[in-house]
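What follows is a set of notes on a single structure, which appears directly below.
Note that the structure is a prediction, hence the values are computed from the model and not measured. Chain A is the first sequence line, chain B the second, and so forth, proteins listed ahead of strands; every chain is numbered from 1.
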Number of protein chains: 2
Amino acid sequence: MKNLLFDFISKYIPLTEQEKDALVELDIFHAFKKGAVLLEEGQKSNKGYFVLKGCIRSFYVIDGDEKTTAFYTEMEGFTPPCVLNGKPSENSISCVEDSILTVSDPSMEGEIFQKFPKFETMCRILSEELLVQQQVDFDAFKTSSPEQRYLDLLEKRPDLIQRVPQYQLASFLGIKPQSLSRLRTRIVEKNKG
Amino acid sequence: MKNLLFDFISKYIPLTEQEKDALVELDIFHAFKKGAVLLEEGQKSNKGYFVLKGCIRSFYVIDGDEKTTAFYTEMEGFTPPCVLNGKPSENSISCVEDSILTVSDPSMEGEIFQKFPKFETMCRILSEELLVQQQVDFDAFKTSSPEQRYLDLLEKRPDLIQRVPQYQLASFLGIKPQSLSRLRTRIVEKNKG
DNA sequence: CTGCTTTCTTAACTTAAGTGAACGAGTTAT
DNA sequence: ATAACTCGTTCACTTAAGTTAAGAAAGCAG
């Protein structure tokens with residue numbers, strides 16, 4: 001399982017055994033059960049997550065019901081806003097499936113960056129890539145209809161539609177569960193007619 | 001004008017005169033007229049932008065009409081996706097107003113990072129902050145209606161509504177110009193009744 | 001296995017956004 | 001000065017999403 005992380009990092013920077021050991025020393029590998037809550041609305045936290053196996057989601061509770069805004073699966077990481085702004089969290093994080101994650105905080109990062117500066121280079125590049133990817137996703141979201149967004153998701157992340165409950169997918173697509181259900185039947189009708 | 005940049009950077013890292021000189025040496029300060037096109041769909045480019053004064057926008061041409069997805073104003077920066085993925089650009093960038101920008105590319109960054117490693121620290125922190133901010137904005141977009149998004153914009157970026165044409169704002173809010181116009185009168189009616 | 005809860009679907013109705021067309025105000029060009 | 005164009009608004013109509021409610025299907029616990 002640790003090798004998943006090392007392989008991922010190796011795509012950005014070469015990794016020596018010494019560096020791998022330093023990472024293992026940090027004791028960042030943790031397993032969580034489906035439904036486990038990693039961060040609850042209102043809490044303060046400085047933990048960031050990286051998914052080695054499984055799926056976690058970020059959601060808000062608005063007017064009493066959950067709005068899921070993001071899913072993170074294998075080889076995707078997420079640092080909640082509250083880590084950077086220091087305020088109580090507005091969103092919650094929970095496990096969609098049994099998951100194995102790395103859990104880290106800024107002090108661990110600082111330690112590693114000091115010992116091995118190239119880790120900071122990797123994190124910069126990674127942040128820049130994620131930022132651009134998120135811009136592209138946001139642009140696509142703004143410029144397409146819910147139906148188109150669903151079709152895009154079918155193409156780009158078909159796994160998500162299988163492994164995640166529909167009502168969570170709905171808010172991820174910016175609509176209500178009933179609308180997603182209707183939209184799906186609409187698409188099927190079109191393909192028949 | 002250069003001081004605007006130095007002041008901005010100083011919020012993240014201390015800046016020596018030597019470092020300021022190194023930045024000026026790069027010859028990154030440029031002025032552009034309203035309407036100037038910085039990047040056109042289909043082009044390849046490795047230029048990133050930072051707005052010292054003015055306003056630029058990113059837009060796509062979809063089915064013949066422009067969809068504006070982002071505005072960048074004073075002390076905001078933008079690196080187009082094509083810089084990182086190396087493919088022809090899918091979006092265009094143009095000046096909404098007469099603007100003064102810094103224009104840089106990855107080789108300039110590399111040069112600066114090598115001479116002054118703390119610039120890389122700044123860029124990492126900046127990228128992480130922008131990434132989080134963008135997540136928050138994306139989440140807010142997904143979880144609210146066009147009307148609510150407009151009201152939020154009125155609160156958080158009232159300047160944009162003044163300095164930018166309505167038809168560009170509309171796609172920024174994920175709707176058509178006619179819908180924005182209607183939505184605005186709807187809000188006025190509510191405040192009267 | 002049975003009952004309970006959660007999730008998904010369906011339906012009828014309401015509300016808002018999309019579409020296509022037209023008009024007027026303001027701008028630019030000739 | 002006038003014609004052409006851009007931009008914002010309005011209108012009538014269509015389409016899709018929100019809302020409320022009810023019921024079917026699937027998963028879980030006793």
Quiz item: What string of B, S and - do you get for nucleotides 6-21 of chain C, 5' to 3', when a contact is any protein heavy atom under 4.0 Å?
Solution: -SSBB-----SBBSB-
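Taking 4.0 Å as the cut-off between side-chain N and carboxylate O, B:R57 and B:E66 count as a salt-bridged pair. A salt bridge does not link A:R124 with A:E120: every distance from a Lys NZ or Arg NE/NH1/NH2 to an Asp or Glu carboxylate oxygen is 4.0 Å or more. Of the charged side-chain nitrogens involved, none lies within less than 4.0 Å of a carboxylate oxygen, so that A:R184 and A:E147 do not count as a salt-bridged pair.
Applying the salt bridge (Lys or Arg N to Asp or Glu O under 4.0 Å) test to B:K33 and every residue at least two apart in sequence or in another chain returns B:D98.
Cluster partners of B:F71, using a side-chain heavy-atom cutoff of under 4.5 Å among ILVMFWY residues and allowing indirect links, are B:V96, B:Y150, B:L151, B:L153, B:L154, B:L160, B:I161, B:V164, B:L169, B:F172, B:L173, B:I175, B:L180, B:L183, B:I187.
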Exercise. Walk me through it: do B:E17 and B:K20 pass the test salt bridge (Lys or Arg N to Asp or Glu O under 4.0 Å)?
Key: CA-CA 5 Å; B:E17 288 305 317; B:K20 290 183 185 176; 3.6 Å; yes
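Between the P atom of D:dG18 and the CG atom of A:L173 lies a distance of 11 Å, rounded to the nearest Å.
Relative ring orientation between A:F6 and A:F29 is described as perpendicular, the plane-to-plane angle rising above 60° on a 0-90° scale split at 30° and 60°.
Side chains of A:S58 and A:T68 form no contact here, defined as non-hydrogen atoms less than 4.5 Å apart. Inter-residue side-chain proximity for B:L131 and A:Q134 is flagged as met; some heavy-atom pair is nearer than 4.5 Å.
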Expected rows: protein N/O vs nucleotides 28-30 of chain C N/O, under 3.5 Å:
none

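Within the structure, the side chain to side chain donor-acceptor pair (under 3.5 Å) test picks out the following pairs touching residues 69-82 of chain B (sequence neighbours left out): A:D139-B:T69, B:T73-B:R157, B:E74-B:R163.
Five base pairs at each end of the helix from C:dC1-D:dG30 to C:dT30-D:dA1 define two local axes, and these are offset by 50° (rounded to 10°).
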